[in-house]
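Accompanying notes for the structure given below.
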Amino acid sequence: MIYILDTADLAAIKHCNEFYPLAGVTTNPSIIAKAKTDFWKLVKDIRAIIGEDKMLHVQTTQTEAEKIVEEAKLLKKELGGEFYVKIPIGEEGLKATMMLKELGIGVTMTAIFTPAQALMSAMAGASFVAPYVNRLDNILGDGCEVVAEIVSQLENYGSDCKVLAASFKNAEQVHKCASYGCHSVTVTDDIMKTLISHPMTDAAIAGFEKDWKGVYGDKTILDF
Ligand code: E4P
């Protein structure tokens, strides 16, 4: 599983980059706008925290293929490293994806809600497709089932495009997607923490501490 952080909150990125097996950061125009700050400074700060080797996915603000390509080239030039331009699925997005494939710039096709959209994106050359799990659940769909279907279709066609499931609102959705073989997920720092939390784990750790201290006090192994 490839874990990515879906935020532009620099403190959260710093924290998760230190404590979790983080593969990168995704943003979208809504996430960037929430930060209400200078665009270039923000995305360059994210790059500085995660380094060149981790993925940074930034969404285009253009709607026409040639302009998407122009923006992607600029983003790649300024942000360097492992960079992917996020493009919402559509005819212009597919055209841009095919052009960017030729230029060697990675594409994450976003705003995916159906396996048909995902398969077409993969065939156009997208490196990742990002289905929105919770937004599907919100309208009585089954986001994780859609992810499962995309995973199996990509496998059936021997595609190397990866599913980057997005728009999660709880850890159970992430767990279900993982059990369906989803390649990667982008989540908030809260969900990242929930994924490793369990009250029985807390109780087990408290028990180990109590038993140790009962015999050895504040001594640790390093003190023997
Ligand atoms: C990430 O790539 C998506 O843009 C994001 O996860 C959408 O999440 P939301 O449905 O919470 O806005």
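One-based numbering, in listed order, for ligands and for the atoms of each. The first residue in the sequence is number 1, and the count goes up from there.
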Q. Would Lys95 and Glu66 count as a salt bridge (charged side-chain N to carboxylate O under 4.0 Å, His left out) if you check the C-alpha gap in whole Å, the side-chain angles of each, and the deciding distance to 0.1 Å?
A. CA-CA 9 Å; Lys95 181 178 172 186; Glu66 284 74 15; 2.9 Å; yes
Q | Lys44 NZ: over 12 foreign heavy atoms closer than 6.0 Å | A | yes
Q. Are there more than 12 heavy atoms of other residues, nucleotides or ligands under 6.0 Å from atom CG of Asn156?
A. yes
Q: Answer yes or no: does an N/O atom from Asn28 fall short of 3.5 Å to an N/O atom of ligand 1?
A: yes
Q) Does an N or O from Thr186, backbone or side chain, lie closer than 3.5 Å to an N or O of ligand 1? A) no
Q: Identify, for atom 5 (C) of ligand 1, the protein heavy atom at the shortest distance, and state residue, atom and that distance.
A: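 Scanning the protein heavy atoms, the shortest distance from atom 5 (C) of ligand 1 goes to Asp6 OD2, 3.1 Å.
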Where's the contact between [X] and ligand 1, heavy-atom distance under 4.0 Å: side chain, backbone, both or neither?
| X | result |
| --- | --- |
| Gln59 | neither |
| Ala130 | neither |
| Phe168 | neither |

Q | Proximity winner for atom 1 (C) of ligand 1, if only heavy atoms of Lys169, His57, Arg135, Lys86 are counted | A | Lys86
Q) For ligand 1, which atoms have a heavy atom of Tyr132 less than 4.0 angstrom away? A) 3 (C), 4 (O)
Q) Just by distance, do the side chain of Gln153 and the backbone of Ile150 share a donor-acceptor pair under 3.5 Å? A) no
Q) Given Val85 and Gln59, is the side-chain contact (heavy atoms from CB on, under 4.5 Å) satisfied, shown in steps? A) CA-CA 6 Å; Val85 61; Gln59 193 163 323; over 6 Å; no
Q) At their closest point, which heavy atom of Ser184 faces which heavy atom of Val163, and how far apart are they? A) OG-O, 2.8 Å
